[in-house]
Participant: 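Take a look at this one; I'll ask things after.
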Amino acid sequence: MESVPASTPTGPGRPSPPGRPPRPQRAGAAGAYAVLAGALMSLIGTSWDVQWHVDVGPDTFFTLPHLVLYSGSAVAGIAALVMVLRATFAQRAGRPADPTVGGSPVRVLGGTFTAPLGYLVAGTGGALFLLYGLLDLWWHSLYGFDAVLNSPPHIALFVSISLTMLGGVIVFSAARARRWGRIGLVLTVPVLLTFTPITFGAFNGLGLPVDPKFAGTVFFAVCLVLMSAITLRHRWVALSVAAVLGVLQLFLWWFSPWAAKFYADYVGLPLRDNLRDVPPELAAGMPMFMLAAALVIEALLRLGRGRGWSARRLPQLTGAAGGVVVGLSMIVQTSMLRGGAGGGPMGRSATSATTVLTDAILGLAFGALAGYLAARFAVLLRLNAPAADQEGR
Amino acid sequence: MHLRTSLSRPARATRRPVKGRARALLLALCVLGAAALLSAPSAQAYTPARPEQAYAPVKIVHTEQVQAGPYHLTLGFSTWPLRAMQSLDFTFAPDGGLTGKSGTFSMTRPGAKAGMRGVRPLSRHPRKRSVWGLDILSLPTAGQWAFTFTVNGPQGQGTGTLGNLTVLDQPGPPLALSWTLCALPVLGLIAFLIVAWRRHRPSRHLAVAGV
């Protein structure tokens, strides 16, 4: 893959009529939000499917939650493909590529295609989802319809969906000079933040001393919130991402059990006997107190910038503080949501002094690492469409 | 993830009119996508269907007997022999039916002490409501498992265990191979990040980026 010539962020050559956004930007927004819609469908389908297995049970490949889940990847994948073809034809027509529409254009397959980086990543995620979907079908033919999240093909499918969501983050970051780009990033990051910790279930069987879900939640929550704040460099970005995450959590909390029951009624299946009164599985795993962590991140970032703290140390410091808040808040969350038998969707609750200290130290370590990476990822995202910085401040 | 115009190739010259062809291709793709979605068998999930039509019935191919005090239970398995990680339907049918009876059930892993696993109430099988059971459940490890039942009913409480339930090794390729194959997207993502990192050295741009 190689880079191709890029235009300025105002788009290729032709001036737009006054009061009307240039065409590439309208098409760019449509493509970007189609990817976001697909990612959101995948998340909602996953949450619904998990709740279906908890509340009702019977499974085939052809259930409505599976349809929503698979359609999400199809929508995002087709949108990415259309945008790649659009960029390819534009490049062949001699129009310079616009890096604010999907990111820096790269040549793929020896120059057969010109793919904006964000759409390349999103499309690759969609294609991998199809490929691993076939592998999953073979897996189920061998092992049966086991309702476990962390089988190898399921983890590969979740990683593929995460790749599509990551593509969306790159696409919206490239358009950060535009209002729709900034709003899109604030909407996409919570979807990715919710989804990525699921993949850490792959480590469940290794008997690690650290709970993989806890590690994944702390790491991705801090990394993605901080990355968004540094990428956009606007006030309230961290808090906005946390607020959207809260709204998403409330929605999934209500929707997943409701949809499972509604669909069960629709197909005439009963709910399971002895259902415990526990919160919805996926929504309950999302960090509930992210606003507090985002407040700490926002405050430290402003303080550090205001006082001219070293750019090499500020992200780690901010990440560590955010990590401690997320880590400790997860203990509170686990205690609040535990089931009647001591275990719930968040696992067993343990609030001894040792646990609190251990989780605080782990939060500190994972948060510092997340902060270190978040700043550098933000730099990479900004370099992906550098000229846009002239407008985005 | 880079934008080095100095390394860029010049854009190809237009060889033929592409605007109309591009639009036609985009339209064809949209139509194809819509047709694929609408004609997919999964779209049929919208069609209301009786459960027995929509979901496979529970087929028992092997049974075992357990005596839990005064109660006799017939344990049914939809797959036999059992293999690790291979999911199946289990049914637990007390003589005389479920009316007036309740109970609990626990599974003991190979090498674990009895009662190590959580005790759960006996629930009706979702696809065969006349008996207790477990649907699409797999036992994760090979070895000797034990199922313990406690049944409450008109004749009081009784407990019984089906011990030495042999679970054979998992079917299919070795798990390490499956995990390696399925880790390829993650490895690809890590490789992508390493390439972008080495190309741009983001640590050098932290101050410029306004961190």
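Lettering of chains follows the sequences in order, A, B, ..., and the numbering in each one begins at 1.
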Participant: For each of B:Gly172, B:Ser123, B:Pro121, tally heavy-atom pairs with chain A at distances under 4.5 Å, and name the one with the top tally.
Facilitator: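 Going by pairs under 4.5 Å, I would pick B:Ser123.
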Participant: Taking side chain as everything from C-beta outward and backbone as N, CA, C, O, which of these in B:Arg129 sits under 4.5 Å from a heavy atom of chain A? Side chain, backbone, both or neither.
Facilitator: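 For B:Arg129, the side chain is the part near chain A, not the backbone.
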Participant: For a side chain to side chain contact (heavy atoms under 4.5 Å, CB included) check, start with the C-alpha distance between A:Val159 and B:Leu189, then their side-chain angles and the critical distance, and finish with the verdict.
Facilitator: CA-CA 9 Å; A:Val159 171; B:Leu189 176 62; 5.7 Å; no
Participant: Heavy atoms only: give me the nearest A:Tyr132-B:Leu181 pair and the separation to one decimal.
Facilitator: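 So the two residues come closest at OH-O, 2.7 Å.
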Participant: Name the region of A:Ala202, side chain, backbone, both or neither, that has any atom closer than 4.5 Å to a heavy atom of chain B.
Facilitator: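 For A:Ala202, backbone and side chain are both near chain B.
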Participant: Would you give the length of the straight line joining atom CG of A:Leu120 to atom CZ of B:Phe192, rounded to the nearest 0.5 angstrom?
Facilitator: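 The CZ atom of B:Phe192 is 7.5 Å from CG of A:Leu120, to the nearest 0.5 Å.
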Participant: What are the two closest heavy atoms between B:Asp135 and A:Gly57, and how far apart are they?
Facilitator: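 Closest heavy-atom pair between B:Asp135 and A:Gly57: OD2-C, 3.6 Å.
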Participant: Indicate yes or no for a side-chain donor-acceptor contact from B:Gln86 to the backbone of A:Leu142 under 3.5 Å, with no hydrogens or angles considered.
Facilitator: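 Yes, because the side chain of B:Gln86 sits within donor-acceptor range (under 3.5 Å) of the backbone of A:Leu142.
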Participant: Contact between B:Leu206 and A:Val379 at the side-chain level, heavy atoms closer than 4.5 Å - yes or no?
Facilitator: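 Yes - at least one pair of side-chain heavy atoms lies under 4.5 Å apart.
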Participant: If every non-hydrogen atom of B:Cys182 is compared with every non-hydrogen atom of A:Leu135, which pair is closest and at what distance?
Facilitator: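 Scanning both residues, the minimum pair turns out to be SG-CD2, 3.5 Å.
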Participant: Could you tell me which portion of A:Leu131 (side chain, backbone, both or neither) has an atom closer than 4.5 angstrom to a non-hydrogen atom of chain B?
Facilitator: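 Neither; nothing under 4.5 Å.
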Participant: Report the distance from atom CG of A:Leu373 to atom CH2 of B:Trp197, rounding to the nearest 0.5 Å.
Facilitator: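 The distance works out to 5.5 Å.
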Participant: Roughly how far, to the nearest 0.5 Å, is the CZ atom of B:Arg124 from the CG atom of A:Asp273?
Facilitator: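 So the gap between those two atoms works out to 4.0 Å.
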Participant: For A:Leu226, is it the side chain, the backbone, both, or neither that has a heavy atom closer than 4.5 Å to a heavy atom of chain B?
Facilitator: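 Neither the backbone nor the side chain of A:Leu226 comes within 4.5 Å of chain B.
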Participant: Which atoms of A:Asn150 come close to chain B, meaning under 4.5 Å heavy atom to heavy atom: side chain ones, backbone ones, both, or neither?
Facilitator: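 Interface part for A:Asn150: backbone (N, CA, C, O).
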Participant: Which answer fits A:Tyr70, side chain, backbone, both or neither, if we ask what part of it has an atom under 4.5 Å from a heavy atom of chain B?
Facilitator: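 Neither the backbone nor the side chain of A:Tyr70 comes within 4.5 Å of chain B.
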Participant: Quick one: does any side-chain atom of B:Ser87 pair with a main-chain N or O of A:Tyr143 as donor and acceptor, under 3.5 Å?
Facilitator: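 A pair under 3.5 Å: yes.
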Participant: Any side-chain donor-acceptor pair under 3.5 Å between A:Arg376 and B:Ser203?
Facilitator: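 A pair is found: one side chain offers a donor N or O, the other an acceptor, under 3.5 Å apart.
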Participant: Could you state the interatomic distance from NE2 (A:His140) to CD1 (B:Ile136), rounded to the nearest 0.5 Å?
Facilitator: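 Between A:His140 NE2 and B:Ile136 CD1, I get 9.0 Å after rounding to 0.5 Å.
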Participant: Taking atom CZ as the centre, does B:Arg204 end up with more than 12 heavy-atom neighbours from other residues, nucleotides or ligands that are less than 6.0 angstrom away?
Facilitator: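 Atom CZ in B:Arg204 is not crowded, with 12 or fewer foreign heavy atoms closer than 6.0 Å.
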Participant: Using heavy-atom distances under 4.5 Å, tell me whether A:Val121 contacts chain B through its side chain, its backbone, both, or neither.
Facilitator: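 The answer is the side chain of A:Val121.
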Participant: For residues B:Leu122 and A:Asn274, report the shortest heavy-atom separation together with the two atoms involved.
Facilitator: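 Here B:Leu122 and A:Asn274 meet closest at O-ND2, 3.2 Å.
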